[in-house]
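Since the structure comes first, as structure tokens, the remarks are kept for the end.
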Amino acid sequence: MGRKNSEAGSTTVAFLLSLFITFFTLATVYLFFVKVWPFSNVSVWFPPPISDFGKQIDVQFHRTLIITGVVFVLAQLGLALAIWRFRDQGQKARHIEGNSTMEFVWTLATVVMFVGLGLYGEHAWAEAHFMGAAPGALVVEVTGQQFAWNFRYAGTDGKFGRILPERISASTGNAVGLDPTDAAGKDDVVSPVMYVPVGREVELLIRTQDVTHSFYVRELRLKQDAVPGMVITMHFNATEIGQYEIACAELCGLGHYHMRSFLNVVSQADYDKWMADQEAALK
């Protein structure tokens with residue numbers, strides 16, 4: 001009767017490690033399909049998009065997820081197979097130089113995949129960041145500060161008033177620093193929440209008074225840093241009436257966790273009424 005080689009590794013360890021990797025891989029795929037936390041009904045997926053841009057982002061996300069998901073599954077199952085097939089059985093070790101052709105092929109495939117995905121997503125990215133808003137867009141100035149958002153609308157004259165940093169004083173009601181001597185700013189509306197009419201193009205002028213903040217509305221799939229000394233433009237067209245959270249997605253200090261506001265997408269009639277109420281309050 002032959003004796004077991006005392007130099008052989010443990011088959012049990014190789015089997016259990018391969019089994020764990022396989023189970024972990026399949027469990028990960030399952031969680032992406034069901035889109036809830038284990039043992040709960042809490043959804044971990046995105047809320048539905050409320051703009052055409054958001055839908056384009058979702059298409060790009062799902063395309064990327066499927067391609068990289070297939071690569072992930074194949075790589076992990078291949079790893080599990082290699083651990084089991086080439087486990088230590090007391091055999092003599094072999095020296096392998098590798099395969100330059102295979103290394104070139106999978107490196108080229110990776111480059112093609114990432115560049116291809118980037119080109120697919122270029123249109124959606126450029127539409128929001130580099131293309132101008134449609135004619136007649138509602139212009140809203142977004143100002144971030146530790147730890148609040150303010151939104152300024154031009155009044156009936158359609159012009160924004162001058163801003164002076166030395167005039168900034170939240171305690172006296174001048175949160176963005178409007179110059180009281182500038183006639184163009186007399187009818188400017190400043191609000192801690194944003195209102196926009198549904199189905200109308202909105203252009204954002206994003207700025208900050210202090211550190212870097214980040215304007216983020218998940219339902220719009222929009223995220224843009226507010227950088228000191230810069231005014232950055234973006235635009236969107238919300239297609240669903242509702243209230244949506246505006247978060248700061250950049251760590252901006254101790255109060256970062258409660259820096260939030262709301263985007264209210266309303267009908268044109270409700271928007272006109274809200275604006276009229278704000279303008280009446282200035283008189």
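Side chains included, hydrogens not; waters and symmetry mates left out as well; all remaining heavy atoms used.
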### Message
On a heavy-atom basis, which atom in T107 and which in E103 lie closest, and how many Å separate them?
### Response
OG1-O, 2.7 Å
#### Entry: Backbone of T181 reached by a side-chain donor or acceptor of K186 within 3.5 Å
no
### Query
Do F151 and M275 share a hydrophobic cluster, counting only Ile, Leu, Val, Met, Phe, Trp and Tyr and linking them when any side-chain heavy atoms are less than 4.5 Å apart?
yes
### Query
Does the side-chain contact (heavy atoms from CB on, under 4.5 Å) test come out yes or no for T143 and T208, once each step is laid out?
CA-CA 5 Å; T143 301; T208 175; over 6 Å; no
## Note on the structure
Taken in chain and number order and not counting sequence neighbours, the residues that satisfy salt bridge (Lys or Arg N to Asp or Glu O under 4.0 Å) with D272 are none
### Task
Looking only at non-hydrogen atoms, find the nearest pair between S18 and W84 and report the distance.
OG-N, 3.4 Å
### Query
Under 4.5 Å between side-chain heavy atoms, hopping through other hydrophobics if needed: is there a path connecting F147 to I206?
yes
### Query
Just wondering, more than 12 heavy atoms not from K55 lying within 6.0 Å of its NZ?
no
## Note on the structure
Nearest heavy-atom contact between K159 and D157 is N-OD1, 3.0 Å
### Query
Can you tell me if CZ on F114 sees more than 12 non-hydrogen neighbours from other groups inside 6.0 Å?
no
### Summary
When rounded to the nearest 0.5 Å, the distance separating CZ of R218 from OH of Y244 is 11.0 Å
### Task
Compute whether any side-chain donor of one residue and acceptor of the other, for N174 and S169, lie under 3.5 angstrom apart.
no
### Task
Over all heavy atoms of both residues, which pair between D270 and V266 is shortest? Give the atoms and the distance, please.
CB-CB, 3.9 Å
### Message
Let me confirm one number: the CD-CG distance from Q60 to L117, rounded to the nearest 0.5 Å.
### Response
6.0 Å
#### Entry: Neighbour count >12 (heavy atoms, 6.0 Å) for atom CG, L254
no
### Message
Within the 4.5 Å heavy-atom criterion, are L282 and V189 side-chain neighbours or not?
### Response
yes
### Query
Between CD of Q146 and CD of Q209, what distance do you get to the nearest 0.5 Å?
10.5 Å
### Message
Going by the rule side chain to side chain donor-acceptor pair (under 3.5 Å), which residues pair with Q56 if we only count those two or more places apart in sequence or in a different chain?
### Response
E127
### Task
Over all heavy atoms of both residues, which pair between A238 and V198 is shortest? Give the atoms and the distance, please.
O-CG2, 3.5 Å
### Task
Please answer: with hydrophobic residues joined when any side-chain heavy atoms are less than 4.5 Å apart, are Y195 and W149 in the same cluster?
yes
### Test side chain to side chain donor-acceptor pair (under 3.5 Å) applied to E279 - qualifying residues, sequence neighbours left out
none
### Task
Take Q224 and V142 through the test side-chain contact (heavy atoms from CB on, under 4.5 Å) and record every step on the way to the result.
CA-CA 11 Å; Q224 175 60 56; V142 181; over 6 Å; no
### Task
Applying side-chain contact (heavy atoms from CB on, under 4.5 Å), run through I163 and D179 and close with a yes or a no.
CA-CA 6 Å; I163 288 178; D179 181 2; over 6 Å; no
### Message
Please report the interatomic distance CD1(I241) to CD1(I50), rounded to the nearest 0.5 Å.
### Response
11.0 Å
### Task
Please report the C-alpha distance between Q145 and N150 in whole Å, then the side-chain angles of each, then the deciding distance to 0.1 Å, and finally whether the side-chain contact (heavy atoms from CB on, under 4.5 Å) criterion is met.
CA-CA 8 Å; Q145 65 184 87; N150 282 290; 3.1 Å; yes
### Query
With a cut-off of 6.0 Å (strictly less than), are more than 12 heavy atoms of other residues, nucleotides or ligands near CZ of F46?
yes
### Query
Does any non-hydrogen side-chain atom of M259 lie less than 4.5 Å from one of C252?
yes
### Message
Strictly distance-based, threshold 3.5 Å: is any side-chain N or O of H213 a donor or acceptor partner for the main-chain N or O of A148?
### Response
no
### Message
Can you confirm whether the side chains of N264 and Q243 place a donor and an acceptor under 3.5 Å from each other?
### Response
yes
### Message
Taking the ring of Y153 and the ring of W274, is the distance between their centroids below 6.0 Å?
### Response
yes
### Task
Kindly indicate whether the side chain of V176, heavy atoms from C-beta on, has any atom under 4.5 Å from the side chain of I168.
no
### Task
Answer yes or no: is there a side-chain heavy-atom contact under 4.5 Å between L222 and Y216?
no
### Message
Within the 4.5 Å heavy-atom criterion, are L81 and L77 side-chain neighbours or not?
### Response
no
### Task
Please check if L220 and L138 belong to a single hydrophobic cluster, counting links between Ile, Leu, Val, Met, Phe, Trp and Tyr side chain heavy atoms closer than 4.5 Å.
yes
### Query
Is there a side-chain contact between D188 and F160 (heavy atoms, below 4.5 Å)?
yes
### Query
From S191 OG over to R152 CZ, what is the distance, rounded to the nearest 0.5 angstrom?
13.5 Å
### Query
Taking a hydrophobic cluster as the set of Ile, Leu, Val, Met, Phe, Trp and Tyr residues connected by side-chain heavy atoms closer than 4.5 Å, whether directly or through intermediates, do V13 and L79 fall within one such cluster?
no
### Query
Which atom names give the shortest non-hydrogen contact between R167 and L178, and what distance separates them?
CB-O, 3.9 Å
### Query
Measuring from E250:CD to S214:OG, what's the distance to the nearest 0.5 Å?
6.0 Å
### Query
Does any non-hydrogen side-chain atom of E141 lie less than 4.5 Å from one of R207?
yes
### Message
Measuring only between side-chain heavy atoms, which start at C-beta, is L204 closer than 4.5 Å to T233?
### Response
no
